[in-house]
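These numbers come from a predicted model, not from an experiment. Every heavy atom of this structure was used, including side-chain atoms; hydrogens, water molecules and symmetry mates were not.
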Amino acid sequence: MARKFPRAHEAAPRDYGSSKTEHRPDVHRRARVEVEFDEQTVLGSLFGQFDTNLVQIENRLGVYISARGNRVLIEGPEDAVARAREVLRGMHQRLLTGHEVDAGAVESLIMMSNEPTLEGIITGAPGGTPPIMIRTRKKTIVPRSPTQIEYMKALIRDDVIFALGPAGTGKTYLAVAQAVAQLMSGSVQRLILSRPAVEAGERLGFLPGDMKEKVDPYLRPLYDALYDCMPPEQVERRIASGEIEIAPIAFMRGRTLADAFVILDEAQNTTPAQMKMFLTRFGQNSRMVVCGDPKQVDLPGGVSASGLADAVGRLEGVDGIGTVRFNIADVVRHPIVGRIVEAYEGKDS
């Protein structure tokens with residue numbers, strides 16, 4: 001059960017059909033605002049088990065939130081209260097449109113509450129549908145950070161997209177989701193996913209099995225993203241038919257990839273020659289997404305430069321090519337992942 005209103009006798013009578021707060025020009029002044037939610041069946045998911053979602057908002061924004069029935073009271077600095085109110089509205093809207101609200105979703109709404117386009121992101125068009133989304137057979141995916149909004153727009157707009165940034169920011173996952181959506185709609189005929197088979201401290205030769213069995217572990221993240229967007233039996237059927245191909249970058253040599261959505265993951269582990277070879281495979285009615293973290297290069301000793309850094313330096317600003325840069329604030333996995341990345345990058349810098 002959600003927490004009760006504190007100091008209820010101090011609150012002036014309110015019109016519970018709307019939310020309001022006294023206007024104060026100084027954002028550092030304290031404010032109180034009440035919000036009423038019409039649809040009560042989702043309040044358990046809105047508040048979270050033992051009010052975990054409310055506590056998360058309190059800790060991140062420095063406000064106090066309490067609830068009684070379908071009414072929520074927010075207290076704190078005016079700007080923080082306004083942000084908390086919009087985050088709660090966004091959570092409620094997500095639940096009404098069939099989306100889950102977990103710690104990651106709450107965190108993403110908190111981050112986006114600082115953006116001037118928050119209202120459009122949260123409420124969207126009439127009916128509460130967010131304006132930016134990717135629909136796959138298994139789920140509808142909405143952005144979880146401001147940079148993801150920019151990235152999802154680029155996935156529709158640009159022919160070649162470089163997605164740069166740390167792990168956990170959704171670079172590969174969103175690219176795979178967009179590729180699946182276009183394959184389902186028929187706008188492309190093939191989906192090609194590739195990675196360089198570069199070892200992070202281990203050797204392929206030490207692994208048992210034939211070449212496919214040796215390489216598959218390096219491609220597993222691509223399989224995982226596919227299975228999250230499509231039923232497993234469809235993934236297997238489309239792989240068998242050739243509609244979906246998952247292969248190391250070496251298998252791209254000599255080909256022209258037309259009518260295809262092509263994704264290169266872990267691109268920081270390509271050489272400049274490999275990257276040039278890959279990019280020049282581009283064919284008619286195709287889209288290429290190149291994902292990687294320039295700070296996580298695992299190329300063997302003696303290789304002077306990463307193909308990803310080289311390509312971005314040469315091609316950024318070229319018409320039809322987009323570059324999206326993620327940072328630690330865009331990490332949408334468990335919040336501790338962002339803190340781990342920050343600790344390691346701070347140590348290395």
Enquirer: Using side-chain heavy atoms (C-beta onward) and a distance below 4.5 Å, is Asp310 in contact with Met275?
Expert: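 Of all side-chain heavy-atom pairs linking Met275 with Asp310, none is under 4.5 Å.
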Enquirer: Say you draw a straight line from CD of Gln189 to CG of Asn285; how long is it, rounded to the nearest 0.5 Å?
Expert: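 Going from the CD atom of Gln189 to the CG atom of Asn285 covers 8.0 Å.
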Enquirer: Sub-3.5 Å donor-acceptor pair from the side chain of Thr280 to the main-chain atoms of Lys276, do we have one?
Expert: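 Side chain of Thr280 to backbone of Lys276: a pair is present.
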Enquirer: State the CG-CD distance between Leu308 and Gln296, to the nearest 0.5 angstrom.
Expert: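 Here the rounded value is 12.5 Å.
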Enquirer: Would the number of heavy atoms belonging to other residues, nucleotides or ligands and lying under 6.0 Å from CZ of Arg314 be above 12?
Expert: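 Atom CZ in Arg314 is not crowded, with 12 or fewer foreign heavy atoms closer than 6.0 Å.
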Enquirer: Of the non-hydrogen atoms in Leu43 and Asn70, which two are nearest, and what is the gap between them?
Expert: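 Result for this residue pair: CD1-CA, 3.5 Å.
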Enquirer: So which atom in Tyr151 and which in Gly170 form the shortest heavy-atom distance, rounded to 0.1 Å?
Expert: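 Distance-wise, the nearest heavy atoms are CE2-O, 3.9 Å.
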Enquirer: If every non-hydrogen atom of Cys291 is compared with every non-hydrogen atom of Lys171, which pair is closest and at what distance?
Expert: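 The pair with the smallest heavy-atom distance is SG-O, 3.8 Å.
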Enquirer: Please round to the nearest 0.5 Å and tell me the distance separating atom CD1 of Ile156 and atom CD of Gln178.
Expert: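 Between atom CD1 of Ile156 and atom CD of Gln178 there are 5.0 Å.
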Enquirer: Quick check: closest heavy atoms across Gly62 and Pro77, and the distance to 0.1 Å?
Expert: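 Reported closest heavy-atom pair: O-CD, 3.6 Å.
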Enquirer: Do Arg83 and Glu86 have side chains that get closer than 4.5 Å, going by heavy atoms?
Expert: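 SC-SC contact between Arg83 and Glu86 ruled out.
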Enquirer: So, the side chain of Gln274 versus the backbone of Thr271: is there a donor-acceptor pair under 3.5 Å, distance only?
Expert: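 Side chain of Gln274 to backbone of Thr271, a donor-acceptor pair under 3.5 Å: yes, one is there.
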Enquirer: Between Asn53 and Leu46, which heavy-atom pair has the shortest distance, and what is it?
Expert: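 Of all heavy-atom pairs spanning Asn53 and Leu46, the closest is ND2-O, 3.0 Å.
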Enquirer: Let's go through Arg71 and Glu34 carefully: what are the C-alpha distance in whole Å and the side-chain angles of both, what is the deciding distance for salt bridge (charged side-chain N to carboxylate O under 4.0 Å, His left out) to 0.1 Å, and is it a yes or a no?
Expert: CA-CA 7 Å; Arg71 292 170 291 170; Glu34 274 182 23; 5.2 Å; no
Enquirer: Run the side chain to side chain contact (heavy atoms under 4.5 Å, CB included) check on Leu226 and Arg238 step by step: do they pass?
Expert: CA-CA 11 Å; Leu226 275 175; Arg238 291 175 184 272; over 6 Å; no
Enquirer: Under 3.5 Å, is there a donor-acceptor pair linking the side chains of Glu150 and Gln148?
Expert: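 No, because no side-chain N or O of Glu150 sits under 3.5 Å from a partner of the opposite role on Gln148.
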Enquirer: Establish, yes or no, whether the cationic atom of Arg220 lies under 6.0 Å from the six-membered ring centre of Tyr223 and within 45° of the ring axis.
Expert: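 Judged by the rule, Arg220 and Tyr223 form a cation-pi pair.
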Enquirer: Do Thr270 and Ile249 come close enough that some side-chain heavy atom pair is under 4.5 Å?
Expert: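 In short, these two side chains touch, coming nearer than 4.5 Å.
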Enquirer: Side chains of Met252 and Ile192: does their closest heavy-atom pair fall under 4.5 Å?
Expert: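 When only atoms from C-beta onward are counted, Ile192 and Met252 do touch, with a gap below 4.5 Å.
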Enquirer: On the 0 to 90° scale, with breaks at 30° and 60°, tag the Phe37-His92 ring pair as parallel, tilted or perpendicular.
Expert: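 Geometry flag for His92 against Phe37: tilted rings.
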Enquirer: Nearest 0.5 Å, please: how far is CD1 in Ile57 from CD1 in Ile65?
Expert: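 Rounded to the nearest 0.5 Å, the CD1-CD1 separation comes to 4.5 Å.
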Enquirer: Look at the side chain of Arg325 and the backbone N and O of Gly165, then say whether any donor-acceptor pair between them is shorter than 3.5 Å.
Expert: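 No, Arg325 side chain to Gly165 backbone: no donor-acceptor pair under 3.5 Å.
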Enquirer: With heavy-atom distances below 4.5 Å as the criterion, would you say the side chains of Val87 and Arg60 are in contact?
Expert: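 No. Closest side-chain heavy atoms not under 4.5 Å.
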Enquirer: Have a look at Val176 and tell me which of Val289, Asp265, Ile263, Leu191 forms a side-chain contact (heavy atoms from CB on, under 4.5 Å) with it.
Expert: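 It is Ile263, the one option of Val289, Asp265, Ile263, Leu191 that forms the side-chain contact (heavy atoms from CB on, under 4.5 Å) with Val176.
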Enquirer: How long is the gap from CG on Leu264 to CE on Met288, to the nearest 0.5 Å?
Expert: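 Result: 8.5 Å between the selected atoms.
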Enquirer: How long is the straight-line distance from OG1 of Thr52 back to CG of Asn59, given to the nearest 0.5 Å?
Expert: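 One gets 11.0 Å once the value is rounded to the nearest 0.5 Å.
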Enquirer: Which residue, Leu164, Val160, Asp158, forms the side-chain contact (heavy atoms from CB on, under 4.5 Å) with Thr323?
Expert: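 Testing Thr323 for a side-chain contact (heavy atoms from CB on, under 4.5 Å) against Leu164, Val160, Asp158 leaves exactly one candidate, Leu164.
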Enquirer: For the pair Arg32 (side chain) and Leu73 (backbone), establish whether a donor and an acceptor sit closer than 3.5 Å, ignoring hydrogens and angles.
Expert: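 Not confirmed, Arg32 side chain does not pair with Leu73 backbone.
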Enquirer: Flag the pair Val290 / Val312 as yes when at least one side-chain heavy-atom distance between them is below 4.5 Å, and no otherwise.
Expert: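 Side-chain contact under 4.5 Å: no.
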Enquirer: Considering all heavy atoms of both residues, which atom of Ile239 and which atom of Ile246 are nearest to each other, and what is their separation?
Expert: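 So the two residues come closest at CD1-CD1, 4.3 Å.
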Enquirer: Does Glu100 have more than 12 heavy atoms from other residues, nucleotides or ligands lying within 6.0 Å of its CD?
Expert: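 Open: at most 12 neighbouring heavy atoms sit under 6.0 Å from CD of Glu100.
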Enquirer: Would you find a donor on one side and an acceptor on the other, under 3.5 Å apart, between the side chain of Gln268 and the backbone of Gly292?
Expert: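 Flag not set: sc Gln268 to bb Gly292 has no pair under 3.5 Å.
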Enquirer: Tell me if a side-chain donor or acceptor on Ser286 pairs with a main-chain N or O of Asp259 at a distance below 3.5 Å.
Expert: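 Side chain of Ser286 to backbone of Asp259, a donor-acceptor pair under 3.5 Å: yes, one is there.
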Enquirer: Take Leu315 and Leu279 through the test side chain to side chain contact (heavy atoms under 4.5 Å, CB included) and record every step on the way to the result.
Expert: CA-CA 11 Å; Leu315 301 175; Leu279 292 173; 3.6 Å; yes
Enquirer: Do the side-chain N and O atoms of Arg287 and Gln182 include a donor-acceptor pair separated by under 3.5 angstrom?
Expert: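 Yes, because at least one side-chain N or O of Arg287 sits under 3.5 Å from a partner of the opposite role on Gln182.
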